[in-house]
Every structure is written in structure tokens, then in C-alpha cells.
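Encoded as C-alpha cells, the structure appears first; notes follow it.
Naming convention: chains lettered A, B, ... in sequence-line order (proteins, then strands); numbering from 1 in each chain.
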There are 2 protein chains.
Amino acid sequence: MKEKQTENIWGRGFKRTKQREEVYGILEKSAVPVTAQEIYKILLLEKPKECQYALSTVYRVLNAFEEHHLVKKSFLPGEDMARYELERNIHEHYAVCLVCHKRVPISKCPFESGGIQVAEDGFDITGHRIELYGYCRACRQRDNRTGDR
Amino acid sequence: MKEKQTENIWGRGFKRTKQREEVYGILEKSAVPVTAQEIYKILLLEKPKECQYALSTVYRVLNAFEEHHLVKKSFLPGEDMARYELERNIHEHYAVCLVCHKRVPISKCPFESGGIQVAEDGFDITGHRIELYGYCRACRQRDNRTGDR
DNA sequence: TTACCTGCAAAGTGTTTGCAGATGT
DNA sequence: ACATCTGCAAACACTTTGCAGGTAA
């Protein structure tokens with residue numbers, strides 16, 4: 001079966017529909033945080049006739065996923081569109097290529113082992129975000145003579 | 001004089017205007033990354049008659065500042081509006097209160113002293129962002145019985 | 001004087017929403 | 001059967017842009 005452990009996602013007023021499965025599958029396959037519009041384009045390419053997808057549905061599905069803590073929404077610097085990625089259970093951070101958006105994990109989270117102090121007593125840290133930006137080897141090599149940005 | 005070291009900002013086709021000074025002043029006074037619309041409201045409150053400000057001007061000023069690397073644009077998780085803050089010359093990171101947006105510096109940048117490895121050779125890191133989120137002491141105390149979020 | 005800014009209004013763009021019909025359980 | 005989804009189109013909110021007049025250098 002192609003069910004994987006995706007099963008436990010659905011339930012309690014959270015219906016399993018073809019559109020949601022498709023979007024989830026795209027997020028699962030992607031090594032890169034994607035935008036709603038990118039997901040929409042992939043849907044149209046992969047399943048041109050099986051189902052008429054609407055962009056608004058993609059947004060609604062992503063929002064539903066976010067509410068159920070299945071995906072994380074984020075912005076890359078210089079971009080104004082939201083990107084979505086699957087919420088992985090492991091605590092990990094990535095370096096993101098500014099060209100192809102590939103994510104490469106970094107060795108360890110510097111905040112896991114403590115050692116970072118906030119300069120105000122009583123500040124209650126509930127979360128953090130670490131993002132490294134740069135150019136992955138492939139994009140560097142391909143565009144190696146365009147030194148701009 | 002109220003000139004401060006703001007002087008060296010202007011020049012080379014970058015004109016000093018009242019609107020730009022006002023916006024810069026607001027950014028300078030604010031301990032919090034602000035949105036364009038917040039700046040606009042502050043302008044209307046502070047100088048109701050001296051000058052007719054346009055929201056689009058605020059955006060243009062902020063974009064100009066960004067191009068000249070005077071301000072940094074960023075998004076807070078769960079927010080879709082851009083926030084702007086002065087680009088401080090010192091390399092520093094902050095913990096941001098999700099309620100009042102106050103920023104509290106953290107002790108040191110964990111990436112300054114190396115030690116973080118990217119799991120791909122040849123990945124060229126050009127920048128990073130670290131953001132800690134949580135609730136500052138004041139907001140915690142004020143809203144201490146609303147345990148939601 | 002000239003290039004650069006601004007206010008205004010109109011256009012853009014990413015995202016959301018109302019509604020009637022369709023679908024999952 | 002019923003609540004929950006979906007497609008469509010219209011609505012939204014933040015941001016950008018064209019233009020004519022204004023301002024700094």
C-alpha cells in the first residue's frame with residue numbers, strides 16, 4: 001500500500017481528501033520549502049485531468065495543515081511569499097540555498113546545549129529559528145561567474 | 001543639535017528629506033521592529049499637520065533604506081506583514097517577545113566562533129538569521145493567566 | 001536648475017472568504 | 001445523513017507604481 005504512516009494524520013473532523021493527500025505528498029517529496037503557488041503548479045502538471053485543483057484549495061489545505069501542526073510556514077529573506085515545509089519531528093536546522101532553496105542540515109542546534117543567555121531575566125523562550133543562507137555547491141558551480149547577489 | 005551621527009547617511013543621490021528623517025527617527029527610537037503601517041500611524045499622530053504623509057511614501061522610504069543597508073526587513077512567525085528595524089553595526093541577535101515585539105539581545109552569536117558544520121562540503125554561507133521567540137517578563141506578568149498559544 | 005522625492009490614486013500580488021455543490025465517514 | 005471539503009469568483013490587505021507637482025542640492 002501507499003499508505004505509509006500518513007494514516008494517523010486524519011481524523012476528528014480532519015478529512016482525508018485527494019487534494020490533501022496530493023499536497024501532503026508534494027511536501028513530503030520536496031527537499032525544499034515550497035510556496036503555495038509552486039505546489040499549485042506541480043499539481044496542475046502532475047494531475048492535469050484527474051481533478052480540477054484550485055489555488056485557494058491549496059491555501060486552505062496548507063492552512064489546515066498548519067493548524068494541525070503538520071507544516072511550518074516561513075519566509076526567506078528578500079522573498080515576500082510564504083513557504084511551507086513539513087514539520088519534521090526531529091529538531092534540526094538548515095542552511096538554505098538562496099538560488100535553488102535546497103536545505104542542508106547543520107550539525108547541531110547551538111541552543112540545545114544551553115550556553116546562550118538572554119539579557120533579560122524572566123524572558124520565557126518558547127521557540128527559536130535558525131537559518132543559514134548561502135549558495136549550495138551546485139548553484140555556485142553553475143553560476144560561478146555571476147558574482148552578483 | 002539633533003544631528004547625531006545620522007549625517008553620514010545622506011549623499012550620493014540619497015536626499016535628506018523631512019519624511020526620511022521622521023521615519024529614521026521612529027526606527028531609531030523604537031526598540032521593536034515595526035511595520036510600515038505602524039510607522040505611518042505614528043507619523044500621523046506625531047505630526048498631524050506639519051506634513052501630509054502618504055503610506056506609500058513610508059514604503060518607499062523603507063525600501064530606499066533597505067537598499068542602502070540602513071534597515072533590515074524581517075517577518076515574525078505567524079505574521080504576514082514585513083517588519084523593519086535599524087541595521088545595527090554590531091553583530092547581535094535578539095529574543096523577540098511575541099506579544100509586544102520587544103527585542104532583548106542574546107549573549108553571543110553561536111556562529112561567530114565556528115563550530116557549526118553544514119552537512120555539505122562547498123556550501124557557501126553568506127548570512128544567517130537567529131531569532132528566539134517567547135514572552136518577555138512584562139507580558140508574561142500582565143497576561144499570566146492566559147496560557148494559550 | 002536638475003535630479004530626486006512626495007502625495008495621490010490606481011494597479012499588483014499573495015492570500016482569504018462566501019457560497020453552492022461535491023465528497024468523506 | 002451530516003459535517004466537512006472543494007471550485008469558483010469576488011474580496012482583502014499589504015505593497016508597489018505612474019504621474020504631476022514639490023523639494024533638496
Side-chain angles (χ1 to χ4, degrees), chain A residues 3 6-24 26 33-44 47-68 70-84, chain B residues 3 6-24 26 33-44 47-68 70-84:
Chain A
E3 305 300 322
T6 313
E7 286 203 33
N8 46 344
I9 288 175
W10 324 100
R12 286 148 303 151
F14 191 58
K15 282 189 185 168
R16 168 183 211 147
T17 68
K18 188 187 288 197
Q19 292 85 334
R20 289 181 172 185
E21 280 183 336
E22 294 290 353
V23 171
Y24 193 90
I26 289 174
V34 285
T35 67
Q37 326 244 353
E38 284 167 356
I39 293 176
Y40 180 59
K41 281 183 203 135
I42 296 174
L43 283 174
L44 292 185
K47 320 274 174 183
K49 38 198 65 160
E50 280 188 45
C51 191
Q52 296 275 56
Y53 293 101
L55 180 54
S56 62
T57 300
V58 175
Y59 278 108
R60 267 193 282 228
V61 168
L62 288 171
N63 285 342
F65 281 176
E66 198 191 6
E67 279 170 20
H68 288 250
L70 295 175
V71 307
K72 200 171 55 173
K73 187 178 181 180
S74 63
F75 292 86
L76 249 45
E79 285 195 340
D80 287 347
M81 293 182 309
R83 290 188 172 270
Y84 300 84
Chain B
E3 305 300 323
T6 312
E7 285 203 33
N8 45 343
I9 288 174
W10 325 101
R12 288 147 303 152
F14 191 60
K15 282 189 186 168
R16 168 183 213 148
T17 68
K18 188 188 290 198
Q19 291 86 336
R20 291 182 170 184
E21 281 184 335
E22 294 291 353
V23 171
Y24 193 91
I26 289 174
V34 285
T35 68
Q37 325 245 353
E38 284 167 355
I39 293 175
Y40 180 59
K41 280 181 204 136
I42 295 174
L43 282 174
L44 292 184
K47 319 275 172 180
K49 37 199 64 162
E50 279 187 47
C51 191
Q52 295 276 57
Y53 294 101
L55 180 54
S56 61
T57 300
V58 175
Y59 279 107
R60 267 193 283 228
V61 168
L62 288 171
N63 285 340
F65 281 175
E66 198 190 7
E67 280 170 19
H68 288 251
L70 295 174
V71 307
K72 200 171 57 174
K73 186 179 180 178
S74 63
F75 292 86
L76 249 45
E79 285 195 340
D80 288 347
M81 293 182 308
R83 289 189 172 271
Y84 301 84

Let me know the distance between [atom1] of [X] and [atom2] of [N], rounded to the nearest Å.
| X | N | atom1 | atom2 | result |
| --- | --- | --- | --- | --- |
| Glu22(A) | dT6(D) | CD | C1' | 14 Å |
| Leu62(A) | dG14(C) | CG | P | 15 Å |
| Trp10(A) | dA3(D) | CH2 | C1' | 17 Å |
| Met81(A) | dG12(C) | CE | P | 18 Å |
| Leu55(A) | dA11(D) | CG | P | 18 Å |
| Phe14(B) | dA25(D) | CZ | P | 12 Å |
| Asp80(A) | dA13(D) | CG | P | 18 Å |
| Tyr40(B) | dT15(D) | OH | C1' | 14 Å |

Among the candidates [options], find the nucleotide nearest to the side-chain atoms of [X].
| X | options | result |
| --- | --- | --- |
| Lys15(B) | dT16(D), dC4(C), dG7(C) | dC4(C) |
| Val61(B) | dC5(D), dT15(C), dT6(C) | dT6(C) |
| Tyr53(B) | dG7(C), dT15(D), dT15(C) | dG7(C) |
| Thr57(B) | dT16(D), dT6(C), dC5(D) | dT6(C) |
| Arg16(B) | dT6(D), dA25(D), dG7(C) | dA25(D) |

Charged N to carboxylate O under 4.0 angstrom, Lys72(B) versus Glu66(B)?
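No.
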
Below the 4.0 Å mark, does [N] have OP1 or OP2 next to a side-chain nitrogen or oxygen of [X]?
| X | N | answer |
| --- | --- | --- |
| Thr17(B) | dC4(C) | no |
| Gln19(B) | dT23(D) | no |
| Asn63(B) | dT16(D) | yes |
| Tyr59(A) | dT16(C) | no |

Considering every strand and a 4.0 Å limit on heavy-atom distances, what is the contact class for Ala64(B): base, sugar-phosphate, or nothing?
nothing

Within the 4.0 Å heavy-atom criterion, would you say Arg60(B) contacts the bases, only the backbone, or no part of the nucleic acid?
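Since a base atom lies under 4.0 Å of Arg60(B), the category is base.
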
CZ-CZ distance between Phe14(A) and Phe65(A), expressed to the nearest 0.5 angstrom
5.0 Å

Ile39(B) side chain reached by Leu62(B) side chain, heavy atoms, under 4.5 Å
yes

Tell me, do Asp80(A) and Lys73(B) make a side-chain contact under 4.5 Å, heavy atoms counted?
yes

Kindly indicate whether the side chain of Arg83(A) and the base of dG14(C) share any N or O donor-acceptor pair separated by less than 3.5 Å?
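A donor-acceptor contact between them is absent.
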
Distance criterion of 3.5 Å, no angle test: do you see the side chain of Ser56(B) paired donor-to-acceptor with the base of dC8(C)?
yes

Looking only at heavy atoms, what is the nearest atom pair of Gln19(B) and Tyr53(B), with distance?
CG-CE2, 3.4 Å

Specify the residue among Arg20(A) and Ala82(B) whose closest nucleotide of DNA chain D lies further upstream toward the 5′ end.
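Upstream on the strand: Arg20(A).
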
Output all residues satisfying salt bridge (Lys or Arg N to Asp or Glu O under 4.0 Å) with Glu79(B), sequence neighbours left out; order by chain, then residue number.
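Once residues adjacent in sequence are excluded, the partners of Glu79(B) under the salt bridge (Lys or Arg N to Asp or Glu O under 4.0 Å) criterion are Arg83(B).
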
